[in-house]
Amino acid sequence: MSDVQMEEAVKKFAAYIQQSDTYKEYWEQREKLKKQPELYDKVNEFRQRNFDIQNESDSEDLFDKMEAFEREYAKFRENPMVEDFLRAELAFCRMMQNINVLLTAEIDFE
């Protein structure tokens, strides 16, 4: 299989992903959220802070920092639009992680 054929196969696989219920739910929730730009910006700030804490904290501090972060954003997460988006995003991320695990196993890549 040539590299060009491989790229075409990847594009086809991406189209299958976009047709999945998990992706469609993520996309729908994201589009709803984008209709409220201020809330969308706050969700992105939440996501960035979450990412930063998980990637910059020492393992000793991580639990305490995550606990404080969750308390700080507890009221924010009560918003159904926020919670629906974050739940859909998590499901999509888990699906993509699973695809990566399966693909890696199939090609014997360590």
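If you're wondering where the values come from, they're calculated on a predicted model, not measured in any experiment. Worth knowing before you read on, the calculation uses all heavy atoms, side chains too, and leaves out hydrogens, waters and symmetry mates.
By the salt bridge (Lys or Arg N to Asp or Glu O under 4.0 Å) test, K11 pairs with E8, sequence neighbours left out. Every residue two or more places apart in sequence or in another chain that forms a side-chain contact (heavy atoms from CB on, under 4.5 Å) with F13 is listed here: Y16, I17, I99. Judged as a side-chain hydrogen bond (donor to acceptor under 3.5 Å, both in side chains), and not counting sequence neighbours, Q36 has no contacts. Scored by the side-chain contact (heavy atoms from CB on, under 4.5 Å) test, F51 finds Q48, N55 as partners (sequence neighbours excluded). For Y40, the ring pair (Phe, Tyr, Trp, His ring centres under 6.0 Å) test picks out no residue, with sequence neighbours left out. Residues satisfying the side-chain contact (heavy atoms from CB on, under 4.5 Å) criterion with S20, sequence neighbours excluded, are T22, Y23, M95. Residues forming a side-chain hydrogen bond (donor to acceptor under 3.5 Å, both in side chains) with Q5 (at least two apart in sequence, or on another chain): S2. Residues forming a salt bridge (Lys or Arg N to Asp or Glu O under 4.0 Å) with D41 (at least two apart in sequence, or on another chain): none. Checked against side-chain hydrogen bond (donor to acceptor under 3.5 Å, both in side chains), Q18 has no partners two or more places apart in sequence or in another chain. Residues satisfying the side-chain contact (heavy atoms from CB on, under 4.5 Å) test with N50, not counting sequence neighbours, are Q54, M66, F69.
Across E28, K34, K32, a single residue satisfies side chain to side chain contact (heavy atoms under 4.5 Å, CB included) together with R30, and that is K34.
Taking both residues in full, the closest heavy atoms of V82 and L39 are given as CG2-CD1, 3.6 Å, listed atom of the first, atom of the second, then distance. For Q19 against K24, the heavy-atom pair with the smallest separation is O-CE, 3.2 Å.
With a 6.0 Å radius and a threshold of 12 heavy atoms from other residues, nucleotides or ligands, M6 has its CE atom at or below the threshold. Within 6.0 Å of the CD atom in E31, the count of heavy atoms belonging to other residues, nucleotides or ligands exceeds 12.
Contacts classified as salt bridge (charged side-chain N to carboxylate O under 4.0 Å, His left out) and involving residues 89-99 (residues at least two apart or in different chains) are given here: R47-E89. The side-chain hydrogen bond (donor to acceptor under 3.5 Å, both in side chains) contacts involving residues 70-83 comprise E45-Y73, R49-E72, R49-Y73, R77-E83, where partners must be two or more places apart or lie in separate chains.
The closest side-chain heavy-atom distance from L102 to N98 is below 4.5 Å.
L33 and L90 are not part of a single hydrophobic cluster, where members link through side-chain heavy atoms under 4.5 Å apart. Follow the hydrophobic side-chain contacts under 4.5 Å out from M96 and you reach F85 in the same cluster.
Taken to the nearest 0.5 Å, the CG atom of D84 stands 14.5 Å off from the OH atom of Y26.
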